[in-house]
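Right, one structure below, let's go through it.
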Amino acid sequence: MLQRRNGPAIFSIFLSALLFTIFCFVGAAHCSSYESKISKSFFVKKNQTLKLNSDLGAVTVKSWARDVVKIDVIKKVRASSKRKAEDLFNRFKVDFVQNNQGIEVKGNYHGPHSWFFGGKKISVRYEIFVPYEFNLDIQTAGGSITVGDLAGKTRLNTSGGGISLGKILGYVDAKTSGGGITVEQVSGDVNVKTSGGGIRIGEVTGSLKAITSGGSISTKSVKGDAFVQTSGGSLKLYGLMGRVQGQTSGGSVTAEIVGEISGDSYLKTSGGGMKVYVNQDADFNIDAHSSGGGISADLPVTATGKVKSNTLIGKVNRGGSTLTLRTSGGSIRIKLLEEAK
């Protein structure tokens, strides 16, 4: 008997949720948009840290010439009345704490999820200003992260959005489970990882580690060692000055190696051709093999072993560190640096 009574009750709840959704998403006259804003400002010291951990929300951080951290938290909902909107606003709590290390912000959602679209009924956005010389440690479970120019250690993590960084003077560690990553310029080491998007790197004076499971990777300039890996996209690596380790399972490879090959390096692809641009005067050993095409070189190579159309092993100029090239789905072209575009 109890199970029979629960059936109509569950159906009634489902019907109410369905009607609410129809009213809010189809009948605009029945629901209105409401916004709530929290603003906080703190006097801080340079080189302290802003630590933010939020259950949801996009985050934008900009720097300014003030020893002040200013935080605006904008909450938005659609509801059939102001009272219901206030109830939704109250489900997302934000706590602020100032200590000797800097500022800590925690955003916690205490309400149920929507019946539809798999999300919460409230959207949140953080708009933050920090001193130029400041560190960031930001984690959000649902939203993009955008950081402008900054001098400090920058750690970013989001479960649902892209990440974009401007000119950063310091170490960068950025991870997302669902979006692309763009880095304009970093004076320091860079470690970036995404499970669902491409990675675009501008200028990096330190080392680079870039990993994606679903997108292409490109660089403009990397002075340190570069480790790049993707399971589903091309590699376009320009301005490489250190040791190179690059691999893709589903795309072509273009690499521009500036100066000497400064350590044993490799480039590998299972699904495309390969073009590698090198300095005419560079001293290195070459070990190239293609299972799906031929190999050509625009500079003299002193070959060792048996010469084959799809294999090239030998010494360029005086020899040195070994550059290993492998492809299973295309040809390999070793070209002079001045021909790179």
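- The two residues Ser321 and Phe284 come nearest to each other via the heavy atoms O-CB, 3.3 Å.
- A donor atom on one side chain and an acceptor atom on the other are not found under 3.5 Å apart for Asn310 and Ser290.
- Every salt bridge (Lys or Arg N to Asp or Glu O under 4.0 Å) that Arg318 has, sequence neighbours left out, goes to Asp283.
- Inter-residue side-chain proximity for Thr154 and Val61 is flagged as unmet; no heavy-atom pair is nearer than 4.5 Å.
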Donor-acceptor contacts under 3.5 Å from residues 42-51 side chains, at least two apart:
residue: Gln48; atom: OE1; partner: Lys45; partner atom: N; Å: 3.1
residue: Gln48; atom: NE2; partner: Asn100; partner atom: O; Å: 3.0

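- Between Leu337 and Glu256, the closest side-chain pair of non-hydrogen atoms falls below 4.5 Å.
- Side-chain contact between Val124 and Val94 is absent, with no heavy-atom pair separated by less than 4.5 Å.
- Atom NZ of Lys75 sits in a crowded spot, with more than 12 heavy atoms from other residues, nucleotides or ligands closer than 6.0 Å.
- Scored by the salt bridge (Lys or Arg N to Asp or Glu O under 4.0 Å) test, Asp264 finds no partners at all (sequence neighbours excluded).
- Between Lys82 and Ser32 there is no side-chain heavy-atom pair separated by less than 4.5 Å.
- Residues forming a salt bridge (Lys or Arg N to Asp or Glu O under 4.0 Å) with Lys93 (at least two apart in sequence, or on another chain): none.
- Qualifying ring-ring contact (aromatic ring centres under 6.0 Å, His included) partners for Phe129, counting only residues two or more places apart in sequence or in other chains: Trp64.
- Hydrophobic cluster membership differs between Val190 and Leu169, with clusters built from Ile, Leu, Val, Met, Phe, Trp and Tyr side chains linked at under 4.5 angstrom.
- At most 12 heavy atoms of other shown residues, nucleotides or ligands fall within 6.0 angstrom of atom NZ in Lys40.
- Residues Val276 and Leu323 meet the side-chain proximity criterion, which asks for heavy atoms closer than 4.5 Å.
- For Asp95, there are no side chain to side chain donor-acceptor pair (under 3.5 Å) partners two or more places apart in sequence or in a different chain.
- Evaluation of the side chain to side chain donor-acceptor pair (under 3.5 Å) rule for Thr269 yields no partner, not counting sequence neighbours.
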Verdict with reasoning, Ser249 to Ser231, per side chain to side chain donor-acceptor pair (under 3.5 Å)
CA-CA 5 Å; Ser249 299; Ser231 299; 4.9 Å; no

- Item | salt bridge (Lys or Arg N to Asp or Glu O under 4.0 Å) evaluation trace for Asp55 with Lys106 | CA-CA 8 Å; Asp55 286 346; Lys106 293 184 179 180; over 6 Å; no

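- Residue pairs meeting the salt bridge (charged side-chain N to carboxylate O under 4.0 Å, His left out) criterion with at least one partner in residues 232-255, sequence neighbours excluded, are Asp225-Arg243.
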Give the intermediate values and the outcome of salt bridge (Lys or Arg N to Asp or Glu O under 4.0 Å) for residues Lys335 and Asp298. CA-CA 5 Å; Lys335 306 177 75 65; Asp298 290 350; 3.5 Å; yes

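- Under the salt bridge (Lys or Arg N to Asp or Glu O under 4.0 Å) criterion, Arg333 pairs with no residue at all, not counting sequence neighbours.
- For Lys76, the NZ atom is loosely surrounded, since the number of other residues' heavy atoms within 6.0 Å does not exceed 12.
- The stretch residues 125-136 participates, sequence neighbours left out, in these salt bridge (charged side-chain N to carboxylate O under 4.0 Å, His left out) pairs: Arg125-Glu127.
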Please report, to 0.1 Å, the donor-acceptor pairs under 3.5 Å made by any side chain of residues 197-211, with sequence neighbours excluded.
residue: Thr205; atom: OG1; partner: Gly188; partner atom: N; Å: 3.0
residue: Ser207; atom: OG; partner: Asp189; partner atom: OD1; Å: 3.2

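- Looking at Lys175 and Asp173, their side chains come closer than 4.5 Å, going by heavy atoms from C-beta outward.
- Pairing each heavy atom of Ile103 with each of Gln98, the nearest pair is CD1-CG, 3.5 Å.
- Between Asp87 and Arg91, at least one side-chain N (NZ, or NE/NH1/NH2) sits under 4.0 Å from a carboxylate O, which counts as a salt bridge.
- The two residues Gln247 and Leu235 have their closest heavy-atom pair at N-CD1, 3.6 Å.
- Sorted by first and then second residue, the ring-ring contact (aromatic ring centres under 6.0 Å, His included) pairs involving residues 81-104 (not counting sequence neighbours) form an empty list.
- Here the side chains of Ser123 and Ile74 are not in contact, with every heavy-atom distance at 4.5 Å or above.
- Residues Val192 and Thr194 fail the side-chain proximity criterion, which asks for heavy atoms closer than 4.5 Å.
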Determine, step by step, whether Val186 and Leu165 satisfy the side-chain contact (heavy atoms from CB on, under 4.5 Å) criterion, reporting the C-alpha distance in whole Å, the side-chain angles of both residues, the deciding distance to 0.1 Å, and the verdict.
CA-CA 9 Å; Val186 176; Leu165 296 101; 6.0 Å; no

